[in-house]
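All chains are named by letter (A, B, ...) in the order of the sequence lines, taking the proteins before the strands, and each is independently numbered beginning at 1.
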Amino acid sequence: MKVLPALSVCLLACTVRGFDADDFLERLDSTLTLSAFHDVLRARLSGTVDLEAYHFQQPAPGLIDSKIDNLFNPRLTLFLDAQAGPQIYFFAQSRLDRGFDPSARGAQVRLDEYALRFTPWDDRRFNLQIGKFATVVGNWVKRHLSWENPFINAPLVYENITPISDKAAPASPLDFVREFEPADKYQFNPVIWGPSYASGISISGRLDKFDYAAEMKNSALSSRPESWSLTEVGFDHPTFSGRLGFRPNEAWSFGVSASDGAYFRAEAESTLPRGRDIGDYRELVLGQDISFAWHHLQFWAEFYEARFEVPRVGNAGTFAYYLEAKYKFTPQLFGALRWNEQLFGDVPDGAGGHISWGRDLGRIDAALGYRFTPHTQLKLQYSFQQETTGQKDDNHLVAAQFTIRF
Amino acid sequence: MGYHLIFIITMRRLAGFTTVAALLPISVLAQATVEGRVGLAKSHPAPVVAQRYEIVTRGGVLSTQPPLAVVYLDGSFRKPSSQPTKQIAQRDLAFVPPLLPVQVGTRVEFPNLDDTYHSIFSYSPAKRFDLGRYRPEERPIPSEVFNIPGLVTLRCDIHEHMRGLILVLDTRYFVVTEADGRFRLSGLPFGRYTLKAWVDSKTTREQPVELKSGVTSHVDFP
C-alpha cells in the first residue's frame with residue numbers, strides 16, 4: 001500500500017528536478033551545436049544515456065548474454081550530425097557500453113555508424129551514401145534507438161537466435177538441428193542482427209509517392225556486429241539489399257524489401273564441403289512492411305521470409321513477423337503492444353525424412369513509457385515468450401530503461 | 001423635486017457616456033506610445049537536422065532564426081470580449097513565427113505547411129499538450145487555448161531540432177522586436193506602469209515608465 005504513494009512522490013520529484021535539468025540540457029544542446037562560414041557548415045553533437053535493468057529466466061532470451069537472471073546494462077551513445085551546404089551530410093554514432101547487445105561483459109567503446117551522404121538535387125530524387133550504417137531493409141530501423149523505440153528490446157526477428165551459424169558449417173543435418181548450449185549462443189545468428197550496421201554504399205530517393213533504396217554491404221543481414229566492420233570482412237562476397245516504398249499519404253506507408261548475400265564468415269571456410277566456398281551459401285530475405293500513424297496512434301508491422309543455404313543440409317526456411325502498436329494516452333504517457341512470431345520450416349534429416357530446424361515460438365511484448373521532460377524518459381516492459389513446438393519452454397522478461405537525451 | 005429629476009437625468013446621461021466609453025476601443029482613449037531598443041540574446045547557429053535513418057529527406061539546410069525579444073506593458077488589463085485566433089505554422093521543418101506573444105485566453109492554431117507529418121507537443125508547466133501526428137490538410141487545424149501566463153516551448157516529436165516559443169501574457173499591450181532589437185508599442189493607456197522586455201527564458205528586463213497621452217516615450221533595455 002505504501003509503494004504507490006512512494007512511487008508517486010518519486011515521479012513528482014523526477015518531474016520537478018527534470019525541469020531544472022531540462023534547462024541545463026537545452027543550453028548544452030546550444031553549446032554542442034557549432035557553425036562556420038555563415039551556417040553553411042554546421043555540426044551538432046548529441047547523445048543518450050541509457051540505464052537498463054533486466055530480469056529474466058535462463059536461458060537468457062534473445063541476444064541477452066548473461067548467466068545470471070538480473071542484468072544492469074548502462075550505455076552512453078554519442079551522435080555527430082554535420083551538414084555542409086544542402087548537398088553534404090555526415091553522421092556518426094559511437095557507444096560506450098557492455099557490448100552491442102545487453103551483456104554481463106566489461107565496458108567497450110565502438111564506432112557503430114559513420115556515413116557520408118551526397119544529395120545532388122533538392123527534390124530528393126537521389127541520395128548517395130557511403131560508410132557503415134543501418135540497413136535499408138524494413139521499417140524498424142527508423143525507431144531502433146532507445147528514445148524512439150517504444151520497447152526496450154527489438155522485434156523477435158531481429159534478435160531470436162536460430163540454428164544458423166556464420167562461424168562453422170554443420171557436419172550433418174542432425175548436427176544442424178541439434179540443441180545448442182546457451183553458453184554457445186553467440187556462435188549462432190538471428191535472421192537479421194539488430195539494425196545491421198554493415199559497411200557499404202547505398203542509393204536512395206523519392207519519386208512522388210514512391211521511394212527506393214538499394215545498398216551493397218560487406219555482410220549479410222544475419223551477420224554479427226563484428227562482421228560489420230571493413231577491417232573484419234571485406235567485399236569479397238557482398239550482400240545486395242533493397243526496398244521499394246509506396247506512401248499514398250502521410251498516414252500510410254507500404255514497403256517491400258529483399259536481400260541476398262553470403263552469410264558465412266571467413267573462419268567457416270575450412271568447415272565447408274570440399275570444392276565449395278563462402279559465396280555458395282547465401283541468405284535470401286524477402287520482407288514486407290506497413291506502417292500507419294494518425295494523431296496519437298502508431299502502428300507498424302513487418303513480415304519476413306528467409307531462406308538459408310546450409311551446407312550438407314539444403315535450404316532452411318523460416319517465416320517471422322510482428323505487429324506493433326503505440327498509443328499516447330497523455331502528452332507524457334504512452335503504451336505499446338507487440339505480437340511477434342517465428343515459424344521454422346522442415347529440412348531433410350539425412351535419413352529420408354524431414355525435421356523442423358528450429359522451435360516455433362511466439363512472444364508478446366507490453367510496454368509503458370513516461371516522458372518526464374523532453375530529455376528524460378522511463379520505459380517499463382514485460383515480455384512473455386513461449387515455444388509452440390519442441391520442448392515448449394517459456395520465458396518471462398521484465399525490463400526497465402531510463403533514458404536521458406541531450 | 002425638479003433638482004432631483006435633473007440629477008437623475010444627468011446621472012443617466014453620465015451612465016450612458018460611461019457605457020459608450022467602455023465600448024470604445026481603448027486606443028481611441030489612450031494614445032501613449034513607447035519605443036526603444038532591447039539588447040537581444042546571443043545568436044545561435046542554425047540547427048542541424050538529424051536525418052540518419054531518413055533515407056529521403058529535403059536538403060536539411062535551415063535558415064538561422066535571429067534572436068528576438070517581446071516588450072510588454074505589465075499589468076492586468078481588461079480582456080477584449082473576443083480574441084483573434086493566432087497561428088504558428090510548421091514550414092520547412094521550422095516554426096513560423098518562432099516566437100509568438102499572446103494574451104491569456106488566446107487560441108493558437110498550428111497549421112502544417114510541410115509535405116510531411118508533424119507532431120507538436122509541449123511539456124511546459126504553462127501548457128502541456130500533444131497534438132499527435134497530423135497531415136498538412138488536417139481540418140480543423142489543430143489548435144490549443146493558452147489560459148495560463150508563462151512561457152510555452154513547442155517541439156515536434158518527429159523533428160527533434162524544431163523549437164518554437166509562445167509567451168502567454170496577462171497584458172494585451174505587447175510587441176515583438178525587430179531583428180535589431182528596436183520596438184514601438186503604441187495605443188497604450190496613460191499612467192505609471194512597468195515596461196518589461198522578455199529576452200529569453202532566463203532574462204526579463206524591466207523599466208518603470210510614465211505614459212502620457214499623445215507623448216512618445218523612449219525606453220531602452222541595454
Side-chain angles (χ1 to χ4, degrees), chain A residues 19 22-23 26 30 33-35 38-40 42-44 46 79 81-83 85-87 89 91 93 113 115 117 119 122-124 127 129 133-134 136 141-145 195 202 204-206 211-213 243 245 249-251 293-298 328 330-332 371-374 405, chain B residues 41-67 92 112 114-125 127-138 142 144 151 153-158 160-163 165 200-202:
Chain A
F19 279 108
D22 199 39
D23 199 60
E26 200 66 29
S30 296
T33 302
L34 306 170
S35 78
H38 302 287
D39 278 349
V40 170
R42 306 193 307 280
R44 177 175 179 244
S46 59
F79 300 101
D81 295 276
Q83 185 85 46
Q87 271 92 35
Y89 172 70
F91 71 95
Q93 179 192 171
E113 281 189 290
R117 186 181 304 168
T119 306
D122 282 346
D123 64 2
R124 301 170 279 172
N127 299 274
Q129 182 165 301
F133 51 90
V136 301
V141 161
K142 287 180 186 175
R143 64 183 190 284
H144 76 280
L145 297 173
S202 76
S204 61
R206 174 177 282 188
D211 54 75
Y212 68 90
R243 180 179 180 275
N249 53 49
E250 288 306 318
W294 187 71
H295 292 188
H296 298 104
L297 173 69
Q298 289 176 271
K328 274 190 189 174
T330 72
Q332 290 165 283
R371 288 190 175 170
F372 297 99
T373 73
R405 180 173 73 156
Chain B
K42 209 173 102 182
S43 180
H44 294 300
V48 183
V49 182
Q51 42 188 319
R52 299 166 211 134
Y53 311 115
E54 283 293 328
I55 295 300
V56 283
T57 61
R58 57 181 68 240
V61 172
L62 301 174
S63 60
T64 306
Q65 296 182 343
D92 296 335
N112 177 0
D114 283 324
D115 61 355
T116 185
Y117 261 147
H118 283 294
S119 181
I120 308 308
F121 72 95
S122 161
Y123 292 165
S124 300
K127 186 71 182 183
R128 203 162 293 187
F129 68 96
D130 187 324
L131 298 176
R133 283 157 162 76
Y134 59 97
R135 295 186 267 185
E137 61 270 25
E138 184 92 7
E144 288 289 331
L151 182 66
T153 302
L154 305 173
R155 299 164 196 272
C156 177
D157 198 24
I158 303 168
E160 184 192 340
H161 66 278
M162 288 176 65
R163 294 283 188 286
L165 296 172
D200 59 33
S201 61
K202 292 285 183 195

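Of the atoms belonging to A/R371, heavy atoms from both backbone and side chain fall under 4.5 Å from chain B. Contact of B/E138 with chain A is made through the side chain alone, with heavy-atom distances under 4.5 Å. For A/A115, no part sits under 4.5 Å from any heavy atom of chain B, backbone or side chain. For chain B, no part of A/L297 is nearby; none of its heavy atoms comes within less than 4.5 Å. Of the two parts of B/T153, neither the backbone nor the side chain holds a non-hydrogen atom closer than 4.5 Å to a non-hydrogen atom of chain A. Residue contact with chain A, scored on non-hydrogen atoms closer than 4.5 Å, involves the backbone of B/F129 exclusively.
Using modelled atom types, no side-chain atom of B/Y134 and backbone atom of B/P142 make a donor-acceptor pair closer than 3.5 Å. With hydrogens and angles ignored, the 3.5 Å screen pairs a side-chain donor or acceptor of A/R42 with a backbone N or O of B/A46.
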Task: Derivation of the side chain to side chain contact (heavy atoms under 4.5 Å, CB included) call for A/D81 and A/Y89 - done: CA-CA 7 Å; A/D81 295 276; A/Y89 172 70; 2.5 Å; yes
TODO: Please test A/H295 against B/R133 for side chain to side chain contact (heavy atoms under 4.5 Å, CB included), starting from the C-alpha separation and ending with a verdict.
DONE: CA-CA 4 Å; A/H295 292 188; B/R133 283 157 162 76; over 6 Å; no
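With respect to B/D115 and A/R124, a salt bridge is recorded, a charged nitrogen being found less than 4.0 Å from a carboxylate O.
Geometrically, B/R52 engages A/F79 in a cation-pi contact, judged by NZ or CZ lying under 6.0 Å from the ring centre and within 45° of the ring axis.
For the options A/R44, A/H296, A/R243, heavy-atom pairs under 4.5 Å to chain B are most numerous at A/H296.
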